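Below: one structure, written as structure tokens.
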Amino acid sequence: MIETTLTGYFFRVLEEGTIKFDSEITLLEKHSKEISVSFATQILFHQKQDKASIEKILAVDALAEDWRNRFLKLL
């Protein structure tokens with residue numbers, strides 16, 4: 001994952017249930033800051049000196065505390 005920054009899918013569960021191979025998954029909304037997991041991973045593992053991007057990522061209120069702490073250490 002670190003080498004390629006390919007992280008797979010990240011979802012927030014709104015309703016418990018079963019997902020099958022033919023289930024439909026619908027994006028309800030994008031975060032207004034438009035920070036993707038891919039972008040954040042790229043910065044975290046490969047562009048640690050990009051302070052502007054780190055600050056942009058830290059501006060996302062929904063950022064997980066673990067990720068927030070990792071990015072704060074880079075500043």
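This structure is a prediction, so every number in the text was calculated from the model and none was measured.
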Checklist entry - Rounded to the nearest 0.5 Å, how far apart are CG of Leu72 and CH2 of Trp67? => result 14.0 Å

Checklist outcome for this item: On a heavy-atom basis, the closest approach of Ala40 and Phe71 is O-CZ, 3.4 Å

Checklist entry - Between CD1 of Ile43 and CD of Gln49, what distance do you get to the nearest 0.5 Å? => result 11.0 Å

Checklist entry - Does the side chain of Leu58 reach to within under 4.5 Å of the side chain of Leu75, using non-hydrogen atoms? => result yes

Checklist outcome for this item: Heavy-atom closest pair (Lys48 atom, Ile54 atom, distance to 0.1 Å) is O-CD1, 3.5 Å

Item to check | Residue pair Leu44 / Leu74, side-chain heavy-atom distance below 4.5 Å | outcome: yes

Next on the checklist: For Ile19, is the CD1 atom crowded, meaning more than 12 foreign heavy atoms sit under 6.0 Å from it?
Outcome noted: no

Checklist outcome for this item: dist Glu65:CD -> Arg68:CZ (nearest 0.5 Å) comes out at 6.5 Å

Next on the checklist: The criterion is salt bridge (charged side-chain N to carboxylate O under 4.0 Å, His left out); which residues satisfy it with Asp61, sequence neighbours excluded?
Outcome noted: none

